[in-house]
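Quick note: residue numbers are just sequence positions, from 1. Please read all numbers here as calculations on a predicted model, not as lab measurements.
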Amino acid sequence: MIFLVALIGQVLDFGWYTYCSTQVKMAAQAAAAEAAVVCSDETKLPATVNCGSDLIDKMTAAANTVSIGGSITVTNPISEGYFCHDDTTDKLVEVGTLDARPDDCTAQGSSDIPGDYVYVTVNYTFTPLFPGLSAVSLADTAMTSEGWMRVG
């Protein structure tokens, strides 16, 4: 009987850990999406420079709208940069600086205009349902995820 209780505790804690991990990933995307919504006007770009001093507060509020919200934090400062798609590697490559947006992405084999991306890191401290009983209790309690969103 004790073995069964311990096994159920393991399964529940593992499920809770997996669920919280997914929620942290969603929180990161929600925070980045909030920047895209709040800073959608071209006059507010680059967002980390022109979108207002309360941007981090708005992004933190958005991150905490997930079901485990309330204790999710957004790492400050928020990162931002201009990116182009590199046709040879099929990846985004950071180009230019926030002070000097490149005219195009010719260096990456494209005539596209570089996109302005905000990327944010969120943090959450995981608390197991059964501390000390399950193996998940031994895992690192710090959960971190990064979210990206094109804002311009």
Side-chain angles (χ1 to χ4, degrees), residues 1-41 44-99 101 105 108 112 114-152:
M1 184 63 150
I2 292 174
F3 175 74
L4 184 59
V5 170
L7 182 61
I8 291 171
Q10 295 285 338
V11 170
L12 289 174
D13 258 359
F14 181 74
W16 179 240
Y17 184 87
T18 303
Y19 178 76
C20 288
S21 177
T22 301
Q23 290 295 302
V24 170
K25 291 174 185 169
M26 290 175 56
Q29 281 305 122
E34 184 68 11
V37 170
V38 171
C39 308
S40 61
D41 184 354
K44 294 183 178 180
L45 298 178
T48 55
V49 177
N50 298 321
C51 200
S53 59
D54 62 342
L55 178 60
I56 187 104
D57 296 330
K58 291 176 180 177
M59 292 173 76
T60 301
N64 279 286
T65 60
V66 298
S67 64
I68 62 167
S71 57
I72 294 173
T73 59
V74 174
T75 302
N76 198 5
I78 304 159
S79 299
E80 183 175 17
Y82 293 112
F83 288 80
C84 290
H85 178 261
D86 188 323
D87 292 337
T88 57
T89 63
D90 198 29
K91 295 181 180 179
L92 287 176
V93 177
E94 191 164 8
V95 295
T97 65
L98 290 181
D99 296 333
R101 179 182 189 164
C105 298
Q108 283 69 41
D112 294 339
D116 183 349
Y117 286 80
V118 168
Y119 38 109
V120 60
T121 303
V122 300
N123 305 292
Y124 174 74
T125 302
F126 173 74
T127 304
L129 296 172
F130 304 102
L133 177 66
S134 69
V136 174
S137 300
L138 304 174
D140 186 13
T141 60
M143 291 185 166
T144 302
S145 186
E146 188 174 88
W148 288 66
M149 185 68 61
R150 183 173 179 159
V151 292

- Message: Treating Asn50 as the side-chain partner and Lys44 as the backbone partner, does any N or O pair qualify as donor plus acceptor under 3.5 Å?
- Response: no
- Item | Interatomic spacing from NZ in Lys25 to CE in Met143 - rounded to 0.5 Å | 9.0 Å
- Task: Look up atom CE in Met59 and atom OG1 in Thr73, then write down how far apart they are to the nearest 0.5 Å.
- Result: 12.5 Å
- Task: For the residue pair Phe126 and Trp16, categorise the inter-ring angle as parallel (less than 30°), tilted (30 to 60°) or perpendicular (more than 60°).
- Result: tilted
- Task: Scan for disulfide bond (SG atoms under 2.5 Å apart) pairs involving residues 47-86, sequence neighbours excluded, and state none if there are none.
- Result: Cys39-Cys51, Cys84-Cys105
- Note on the structure: CD (Gln29) and CD (Glu146) are apart, to the nearest 0.5 Å, by 9.5 Å
- Query: To the nearest 0.5 Å, what is the distance between OG (Ser21) and CE (Met26)?
  - Reply: 12.0 Å
- Query: Below 4.5 Å, heavy atoms only, C-beta onward: do Leu92 and Tyr117 meet side chain to side chain?
  - Reply: yes
- Kindly say whether Gly132 contributes a backbone atom to a donor-acceptor pair with the side chain of Ser137 at under 3.5 angstrom? yes
- Note on the structure: Scanning both residues in full, the closest heavy-atom pair of Asp116 with Pro46 reads OD2-CA, 3.6 Å
- How about Phe130: does its CZ atom have over 12 heavy atoms from other parts shown lying under 6.0 Å from it? yes
- Item | Pair Thr97-Tyr82, side-chain donor/acceptor within less than 3.5 Å | no
- Task: Mind running side-chain contact (heavy atoms from CB on, under 4.5 Å) on Ile56 and Ile78 for me, showing each step along the way?
- Result: CA-CA 7 Å; Ile56 187 104; Ile78 304 159; 3.8 Å; yes
- Item | Nearest-0.5 Å distance, OG1 of residue Thr22 to OH of residue Tyr17 | 10.5 Å
- Message: According to disulfide (SG to SG under 2.5 Å), who are the partners of Cys20, at least two apart in sequence or on a separate chain?
- Response: none
- Query: For the residue pair Glu94 and Glu80, what are the closest heavy atoms and their distance?
  - Reply: OE2-O, 4.1 Å
- Taking side chain as C-beta onward, heavy atoms only, is Thr75 less than 4.5 Å from Val120? no
- Query: Does the side chain of Thr121 come within less than 4.5 Å of Thr144's, by heavy atoms?
  - Reply: yes
- Determine, stepwise, if the pair Tyr19 / Ser67 fulfils side-chain hydrogen bond (donor to acceptor under 3.5 Å, both in side chains). CA-CA 10 Å; Tyr19 178 76; Ser67 64; 2.5 Å; yes
- Query: Within the side chain of Asp112, is there an N or O that forms a donor-acceptor pair under 3.5 Å with the backbone of His85?
  - Reply: no
- Are more than 12 heavy atoms from other residues, nucleotides or ligands located less than 6.0 Å from atom CE of Met149? yes
- Message: Show the nearest heavy-atom pair for residues Leu55 and Ala47, with the distance to one decimal.
- Response: CD2-O, 3.8 Å
- Task: Indicate the atoms forming the closest heavy-atom contact of Asp13 with Leu129, along with that distance.
- Result: OD1-N, 2.6 Å
- Task: Identify the two heavy atoms, one from Val122 and one from Ala63, that lie closest to each other, and give their separation to 0.1 Å.
- Result: CG1-CB, 4.4 Å
- Message: Please evaluate residues Ile68 and Tyr124 with respect to the criterion side-chain contact (heavy atoms from CB on, under 4.5 Å), reporting the C-alpha separation (whole Å), side-chain torsions for both, the decisive distance (0.1 Å), and the verdict.
- Response: CA-CA 9 Å; Ile68 62 167; Tyr124 174 74; 3.8 Å; yes
- Rounded distance [0.5 Å steps], OG in Ser145 versus CG in Asn123: 9.5 Å
- Do you know the tightest heavy-atom contact between Val151 and Ala36? CG1-CA, 3.5 Å
